Amino acid sequence: MKRLLYHLGFAVFLIAAMMGMLSIRGGLVDQAEMEFEVVPLIIFDLIFPVVFGMLFALPFLWRRYRAHKLKGFMWPEFIGIGVPSLFVAVSHWLYYTNFPLNPVTKFFAMHAINGPILFGFIFGFTLIHCIRKREDAE
């Protein structure tokens with residue numbers, strides 16, 4: 001029963017965080033429409049899924065903290081999952097620069113709106129999930 005209440009409380013926290021972040025985004029949209037300044041909105045749209053992914057990984061981090069297993073960082077997992085997901089998450093920005101894009105990243109930059117959001121979430125989750133001992137990765 002205690003674990004159920006913990007999960008329900010965490011779900012309520014995530015819902016409140018989502019509502020708060022969406023209200024901040026609404027204010028940034030209004031500001032962008034009035035002042036024609038879209039850079040804060042673009043930065044928020046890039047950071048929002050990363051922060052939400054990090055929030056989803058908090059229970060794993062808390063469990064490892066209580067078991068005293070926060071002694072390292074899993075670099076292979078971060079480089080294998082985190083860096084490519086960050087690359088796709090910033091693909092909208094990279095499309096308008098001279099940075100060479102592979103076909104997958106170009107596809108997400110030109111066609112898929114939800115792709116960078118999903119990969120930003122994966123990057124945030126991986127960023128927190130990689131904090132653990134090497135022995136726990138197996």
Side-chain angles (χ1 to χ4, degrees):
M1 185 68 172
K2 183 178 176 182
R3 195 161 177 103
L4 174 67
L5 292 176
Y6 167 75
H7 288 299
L8 285 175
F10 187 68
V12 168
F13 168 73
L14 287 176
I15 291 169
M18 176 69 88
M19 290 174 61
M21 288 185 205
L22 288 177
S23 69
I24 290 172
R25 188 184 187 286
L28 288 173
V29 167
D30 292 341
Q31 180 183 359
E33 289 174 353
M34 290 185 345
E35 300 175 5
F36 302 107
E37 183 64 37
V38 296
V39 174
L41 179 62
I42 291 172
I43 292 172
F44 184 82
D45 283 344
L46 178 68
I47 293 175
F48 170 65
V50 174
V51 170
F52 211 70
M54 292 170 78
L55 287 176
F56 259 82
L58 281 180
F60 297 103
L61 185 69
W62 178 250
R63 192 175 313 136
R64 282 189 221 110
Y65 172 75
R66 291 184 62 196
H68 303 290
K69 295 181 179 180
L70 295 179
K71 302 286 185 197
F73 192 80
M74 296 298 301
W75 285 105
E77 181 179 338
F78 180 73
I79 292 171
I81 299 172
V83 173
S85 63
L86 177 65
F87 189 69
V88 174
V90 298
S91 63
H92 280 101
W93 284 20
L94 293 176
Y95 182 73
Y96 295 106
T97 65
N98 290 332
F99 195 83
L101 297 177
N102 60 15
V104 174
T105 310
K106 190 179 283 189
F107 172 78
F108 281 120
M110 294 174 58
H111 300 292
I113 298 298
N114 296 331
I117 294 172
L118 175 66
F119 282 96
F121 179 86
I122 292 170
F123 174 73
F125 187 89
T126 304
L127 188 65
I128 297 295
H129 194 261
C130 287
I131 303 173
R132 64 182 186 275
K133 282 185 183 178
R134 185 170 299 280
E135 300 92 43
D136 296 337
E138 310 301 321

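Source: prediction; values computed, not measured.
- Hydrophobic clustering (ILVMFWY, side-chain heavy atoms < 4.5 Å, transitive): M19 and F121 are in distinct clusters.
- One finds the CG atom of D30 at 11.0 Å from the CD atom of E35 (value rounded to the nearest 0.5 Å).
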Fill in: R64/K71 under side-chain contact (heavy atoms from CB on, under 4.5 Å): CA gap, chis, key distance, verdict
CA-CA 10 Å; R64 282 189 221 110; K71 302 286 185 197; over 6 Å; no
Item to complete: Apply the test side-chain contact (heavy atoms from CB on, under 4.5 Å) to residues I128 and L55: give CA-CA distance (whole Å), side-chain angles for both, the deciding distance (0.1 Å), then the verdict.
Response: CA-CA 9 Å; I128 297 295; L55 287 176; over 6 Å; no
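- Between T126 and G82, the closest heavy-atom pair is CG2-N, 4.0 Å.
- Note on ring orientation: taking the six-membered ring where Trp is involved, the planes of F60 and F125 are perpendicular (angle over 60°, cut-offs 30° and 60°).
- Annotation: ring-ring contact (aromatic ring centres under 6.0 Å, His included) contacts of F119 (sequence neighbours excluded): F108.
- The distance from the OG atom of S91 to the CG atom of L86 is 10.5 Å, given to the nearest 0.5 Å.
- Scanning all heavy atoms of the two residues, the minimum distance from A57 to H129 falls at CB-N, 4.4 Å.
- Among residue pairs with one or both ends in residues 86-103, none qualify as salt bridge (charged side-chain N to carboxylate O under 4.0 Å, His left out); sequence neighbours excluded.
- Counting only residues at least two apart or in different chains, salt bridge (charged side-chain N to carboxylate O under 4.0 Å, His left out) contacts with residues 4-14 are absent.
- No path of Ile, Leu, Val, Met, Phe, Trp and Tyr side chains, each step under 4.5 Å between heavy atoms, connects L127 with I117, placing them in separate hydrophobic clusters.
- Here salt bridge (charged side-chain N to carboxylate O under 4.0 Å, His left out) pairs that include residues 78-89, with residues two or more places apart or in two chains, number zero.
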List, one per line, each side-chain donor-acceptor pair under 3.5 Å for residues 1-17, sequence neighbours excluded.
none

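- Taking each heavy atom of I131 and L70 in turn, the nearest pair found is O-CD2, 3.5 Å.
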Exercise answer: donor-acceptor pairs, residues 43-52 side-chain atoms, under 3.5 Å, sequence neighbours excluded:
from: D45; atom 1: OD1; to: R25; atom 2: NE; distance (Å): 2.8
from: D45; atom 1: OD2; to: R25; atom 2: NH2; distance (Å): 3.1

Fill in: M74/R132 under side-chain contact (heavy atoms from CB on, under 4.5 Å): CA gap, chis, key distance, verdict
CA-CA 7 Å; M74 296 298 301; R132 64 182 186 275; 3.8 Å; yes
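- Summarising the geometry of M54 relative to G124, their closest heavy-atom pair is CG-O, 3.3 Å, with the distance given to 0.1 Å.
- The shortest non-hydrogen separation linking A89 to P116 is O-CB, 3.6 Å.
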